[in-house]
Structure formats: C-alpha cells, structure tokens
Visitor: 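To start, I am sharing the structure in question, which I have written as structure tokens.
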Amino acid sequence: MDGLVVDGAKSVFKFICSRIITVSKYEENVVELREEYANLTTKKLAIEEDVTLAKLEEKVPKLQVYEWLRMASRAEDEVRSVLETADQYADGRDSRMMHRWAVAKKLNAVRELNSVSFDSVAPERSSPMKAVVEMAVPPLVGQGPASNLKQLLEILIRDDVRRIAVWGKGGIGKTTLVKNLNNELLVSSPNSFDIVIWVQGSSSVDLNTIQSQIAKRIHLKVDASDTTHVIASRILRRLKLRRKTLLILDDVWEKIDLDAVGVPSWDPCCTILLTTRSREVCRDMAVDVPFQLNLMNEEDAWNLFVQSAGPVLDSNLIESAARKIVAGFNGLPLAIKTLGNSMRDRPQIQLWQNAHLMWRCSSPLFKNIEKEIFGTLATSYYSLPRKILKQCFLFCSLYPASCSIDVGELIQCWVSDGLINENQSVEKAYYDGLASVEYLKDSCLLDHDSEGTVKMHDIFRDLAILLSQSQELSYGFHTQSDPPFYQMPNKFSKRVSFVRCGIKKLPEFPVYSQLTVLFLQGNPIQKIPDGFFYNLISLRVLNLSDTRITSLPQSFLCLCELRSLFLRNCSIKNLPSLDSLCKLLVLDLFSTRIKALPKGFGCLHSLRQLNLSGTPFLNKIVAGSISGLSSLETLDMSSSSYNWNP
C-alpha cells in the first residue's frame, strides 16, 4: 500500500514538474510555436496542391489526407488566435497562466501535425473509365471535310457495317478527320458506344504494342510474363462484356490479325474504324466500307491556308500571290497548312511572290517544310515492299508536273529499262507492269487520270525528285523540273529527263557509260549533232517525241542497247538503216512524216511493238520488212496512208 502511494506521488510530481518547465519556457515556446505554425502552413499548401493535381488526374485522395487537412485548418485558426494573444503579453511578465498552458498545448498539437507524412495523397489506381476520351485536334476547315465527317458518322451507326476504312494519300487529313469524329461522338452521341478505343499505329507497330494500348484503355492489368495469346483472351473477355465498342486503328500499314489481338471484330458488339494510305490494306482487312478522302477543292484549300497564314493575307497584293501558291498544292491539306504556317506574319510581298519557288529549293525560310511535308509523305515510299516498285515510282517523276502519263508507254519504258522482265510476251509484261501501276495507285503514290493514263500529284513528284537526288548514286534519276534547261546531269546519272525545257540546241554530253534513259520530248530541237550519241552507247530508252527533228544522225546507229525509240509527232521523214539496233523492242512512229521504212528493217528480230498509225505520207514498205519481224506481237497502222492492196 505504501508503495502505491509513493509511486502515485512520484507520477504527480513528474507531471507537475513537466508542466512547470513547460510554463516556465513560455518565451521559447512562443518562438517555437511561430516556427511550427509557419511550417504547418507551408506543408498544408503543398498537400492541398497535391490533392488538386490528383483530382486533375482523376485519382481519389485518401481519407486520412482529408482528415489531416481538416485538423491542420482548425489548428491554424487556433494558433493564430493564441499568437495574437501572445503579442499582447510580449514582455511575458503579465501573461496569464492559462495562456501559458494554451501556448504549450498548441505547440504540442502543431508538432504532432508536422510529424505526419504521406507517401502519396492518392493511391495509384486507375481513373474512372470514360466512354470517349477527348483528343487534341484542330477543327475541320471547309465544306468538304465537314461533309466527310457527316457521311462517316452516318456510316458508323449503320447496323450492317462492322469495318470501315478511311483511306487516302499521306497528308490528306485522315487522322484529323477521325479525331474530330471521336470528339463529335463525345459531344453529340455520347451513348452511341460504351467505349471508344484509340490505337495509334505506324509502319512498324507490332501485336504487343496494339494489345498494350487496348489493355491500358480498358484498365486491364497485364503482367510482363503474359503471352500475347493470354492477353488476347483477357481482352476478348473484357470487350465482350460491352454492349457496343468502337475500335479506332489509326495509321495502319499492313493487315492486323484482330483475332490475335483479342478483338471480337465480327461480333455485333464491336465496330472497327481504321485509317490507312493503302487500298490494299482495305482489302486485306476485309472492310465493309472503304471511305476514300479526296483532295480539297479550291475554296476549302484557300480557307485552310487563310486560317494557317493569318491576317497577313488582308493585303490584296499578298492575297493574289498566295492564291497562286495554294493552287500549286492541288488541294493537299498537309502542304497547304505547313506552308501557311511558315508564311504567317511575313508581310514582305517579295517573299510571297517567290514563295512557290523558294520552298522547293530548300530556302532557309522554309527549313521545316522538308521535314514536315516530305518526311511524312516519304513513309509511303519507304513502305513499298520491293526495290523495283520504288524505282517505278521514281521513274514517274521523269514526266512533267501535272502530266497525264500513258500507262502503256510507261510500261514499255519500264520493260526497256529492265524494271520488268523483257523475256516474256508483250501481254504478260503489260500485266506485270499494270500490277505495279495499280499497287502505286493503291498506295496513293499515283493517281488515276483518264482512261489508260495516270498522273503524279505535284507534291509527290517533288518528293520523288528529292528522293532521287538523295539516292542518285544508286538509282541515278535526274529530272529537270522547270524550264529553262540549265543543269546538266552528273556522271552517275542513269535516267535523265529534260521534257519541255525549251531546248533548241543539244549540248554535248560527256561520256555517260551508265545512262540508260533519255527523255527529250517536247523540246523545239531541230537538229541532233552528228556525234551526239557516241557517248550514250548504254542508252535503252530514247524519247524524241514532239521535237522538230527531220532526221537522225549517223551516231544513232551505235545505240546497240536501245530497247525503245519514241518519235511521236516528229517531222522526221527518213530513218537510217536500223539493222544495228538488234535489241530494239518498241518503235513508235505515230504521226511522223516518214515516207518509207528503211532498208534492213526486217532485221529487227527483237522488235515486238511497232506503231505506224497516223502516218499520212507512208507509201513504201519493202517486201519482207514486216514479215521479217519474227518477234512482232503488236502492229498499229490505223490512219496510215499505206495501201496494202498492191
């Protein structure tokens, strides 16, 4: 009993002593309370900021954090009041005992609050799943794009459509259109789909990347050890729980096995919308509706340029020059927008008057254009599966801008230049060439023109010229893109084009042992120098159509490798003996003034295609000249004056 009394007395004594010490250190406590109060205020602000950021990230802050903030706010108010009272007793001599106790009590409370720490204010959990996630994208400009959006929305809600492809050439606005569609679903049709999943593709995307993007969107946790098959099964189960899912696959370059991904693509619960540059991908993905985007019309193109270039176009002089620039882009949105941005806030009329030339010449003023425009479009070129297809595309740049290219003639050139096997029938070679033409069209690198012709968009021609310059050592393309003729090819050139360059007098070519193609059509050339062809003995394709020549020089006979000779619409009257051209495959004399086929013509045993149509002066063909052409497969003599009756 005595021990209990002693222990109790000791405890009371210790308590009283601690209180006496606390009260006796009043001035020190006040100073420390001010410091702790300042620390508490700073800490509270930091935690409040973390809570705000967590909410922006759609995280839910912990209840303990909210409770701490509530206690900290109350402590701030109470400490503020205590410190105001302490200021009234600044000398400490007249401070009341109760106030001394209050200072000590609040000091302990604030210390305790400051000692609390949080690893994070909100747990790392998935945010609530939204049906549609808004995407950053500029608004559509013009009636054409708005109409495309409306049509696409109408297609999307059709019950009989499961797969849709928006396809078209690079830079035409496929991704911009579909991103705007995504945002339109959020605004006007939030209940059309339970969830819209956006998967960003590329020319190198793989199955794992696609699965990873889908899993993240549907909050499916994937372990590093999971196989693609396991992930596909889990994605499939999760998506089939949804009433309606829209999967958007942007920038698809090749067939994607949706079953391997885990997408129930043929189930009514799932709709697929993809964007691609390739018509072939549309076929491989078995889309129900291939929705092709066309180039902008003149009005929409101008409106897009105005939006990009800004108020600088208010000047009438600048507007006139700007309209010429926009016309040169033939409605390709990427080029229009990029150049418009480059010319924004540039009021110098001289820059506008020369801009259409300067941006093509790598002017420092347009240093970003090559990367933004050509860098984007070049992906279509690099994705071509075969080296021969790449050369076929570059070959088309030998023709002038906005030129209708005759498919038959193009294929003849490809065969003669070795891009297509010449050791097969004309028909088989034509179908091989036609397959390449169609592939380039499906890849949006060539455009359909009229029946039997194609054309290359000016920007894609510029791309081809740029690529051929960077790869000149391997492919050897040299194109004079604008008259007047002024730039000679170098010694590595293999295919040279000087079409419509205003050449009247041919310069002497140095020794070009590698030169295989020479386009000179459309020039006012009246005479070819006698020794012109001596340095061009490897020539396989020669086009002198629409020139004013009346004869061929003696040096022409040294072109023993020549496969195709085009003399359409020439004033030529007589041909030299051609018996040395033993490898000639194509001879086109359409609309020439020739009177007779030369001696030895029947010795052209390799000749397969002969065009004598539109020859009003042809009246003499030596016996055996035609029958001796043992390899001849096509002969056209329509509208020729030659009379076979005798």
Side-chain angles (χ1 to χ4, degrees), residues 136-150 168-177 179-180 293-377 397 400-404 444 447 449 455-466 480-484 500 502:
V137 60
L140 298 174
V141 177
Q143 295 181 356
S147 175
N148 289 334
L149 178 60
K150 182 181 178 181
K169 59 176 78 272
I172 205 168
K174 302 180 293 296
T175 300
T176 299
L177 174 64
K179 282 185 176 181
N180 273 278
L293 287 194
N294 297 314
L295 296 165
M296 282 183 145
N297 61 40
E298 185 178 347
E299 181 181 357
D300 289 345
W302 174 249
N303 290 334
L304 178 61
F305 190 80
V306 169
Q307 184 190 72
S308 304
V312 71
L313 294 174
D314 292 342
S315 166
N316 290 333
L317 290 175
I318 287 180
E319 179 182 340
S320 176
R323 286 189 178 275
K324 293 179 181 178
I325 295 171
V326 175
F329 288 129
N330 291 335
L332 188 67
L334 174 65
I336 295 167
K337 186 175 180 179
T338 303
L339 191 65
N341 290 336
S342 297
M343 296 300 288
R344 194 176 185 89
D345 298 326
R346 298 188 189 277
Q348 301 91 338
I349 183 62
Q350 294 83 0
L351 294 179
W352 286 91
Q353 290 172 337
N354 295 304
H356 69 290
L357 296 175
M358 294 170 63
W359 82 267
R360 285 178 163 88
C361 299
S362 301
S363 167
L365 186 65
F366 306 111
K367 60 182 179 180
N368 294 326
I369 286 186
E370 185 171 315
K371 178 181 179 181
E372 292 184 31
I373 297 180
F374 294 136
T376 300
L377 303 184
S397 69
S402 304
C403 171
S404 290
C444 296
D447 298 327
D449 192 19
K455 63 181 178 180
M456 179 179 273
H457 189 282
D458 289 3
I459 300 298
F460 282 82
R461 182 173 182 271
D462 291 333
L463 168 67
I465 291 173
L466 182 69
Q480 179 64 50
S481 56
D482 293 295
R500 302 176 190 167

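Start at 1 with the first residue, then count along the sequence.
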Visitor: Within the supplied structure, the quantity of interest is the number of heavy atoms (other residues, nucleotides, ligands) at a distance under 6.0 Å from K179 NZ; does it exceed 12?
Guide: yes
Visitor: Could you give the distance from CG (N297) to CD (Q143), rounded to the nearest 0.5 Å?
Guide: 7.5 Å
Visitor: Does any N or O in the side chain of D300 come within less than 3.5 Å of the main-chain N or O of G144, such that one atom is a donor and the other an acceptor?
Guide: yes
Visitor: Evaluate the side chain to side chain contact (heavy atoms under 4.5 Å, CB included) criterion for residues L334 and L377: first the C-alpha distance (whole Å), next the side-chain angles of each, then the deciding distance (0.1 Å), finally the verdict.
Guide: CA-CA 10 Å; L334 174 65; L377 303 184; 4.3 Å; yes
Visitor: Between H457 and N330, what is the shortest heavy-atom contact and its length?
Guide: NE2-CB, 3.2 Å
Visitor: To the nearest 0.5 Å, tell me how far L466 CG sits from F460 CZ.
Guide: 13.0 Å
Visitor: Which distance, rounded to the nearest 0.5 Å, do you find between the CD of E298 and the CG of N303?
Guide: 10.5 Å
Visitor: In Å and rounded to the nearest 0.5 Å, what is the CD1 to CG distance from I172 to N294?
Guide: 6.5 Å
Visitor: If I compare all heavy atoms of G170 with all of L332, which pair ends up nearest, and what's the gap?
Guide: O-CD1, 3.6 Å
Visitor: Indicate the atoms forming the closest heavy-atom contact of S402 with D458, along with that distance.
Guide: OG-OD1, 3.1 Å
Visitor: According to salt bridge (charged side-chain N to carboxylate O under 4.0 Å, His left out), who are the partners of K169, at least two apart in sequence or on a separate chain?
Guide: D447
Visitor: Between atom CZ of F374 and atom CG of L463, what is the distance when rounded to the nearest 0.5 Å?
Guide: 6.5 Å
Visitor: Decide yes or no for P145 and L177: does some side-chain heavy atom of the first lie under 4.5 Å from some side-chain heavy atom of the second?
Guide: no
Visitor: So which heavy atom on P333 is nearest to which on G171, and how close?
Guide: CD-O, 3.4 Å
Visitor: Once rounded to the nearest 0.5 Å, what's the spacing between atom CG of D462 and atom CE of M456?
Guide: 10.0 Å
Visitor: Without swapping roles, check the side chain of K174 against the backbone of G168 for a donor-acceptor pair under 3.5 Å.
Guide: yes
Visitor: What are the two closest heavy atoms between I459 and F329, and how far apart are they?
Guide: CD1-CD2, 3.3 Å
Visitor: Would you say that N148 contacts L140 through its side chain, given a criterion of any heavy-atom pair below 4.5 Å between the two side chains?
Guide: no
Visitor: Give the table of side-chain donor-acceptor pairs shorter than 3.5 Å for residues 306-314, with sequence neighbours excluded, one pair per line with atom names and distance.
Guide:
from, atom 1, to, atom 2, distance (Å)
S308, OG, L304, O, 3.0

Visitor: Would you check if the side chain of N180 reaches a backbone N or O of P138 as a donor-acceptor pair within less than 3.5 Å?
Guide: yes
Visitor: Residues in side-chain hydrogen bond (donor to acceptor under 3.5 Å, both in side chains) with E319, at least two apart?
Guide: R323
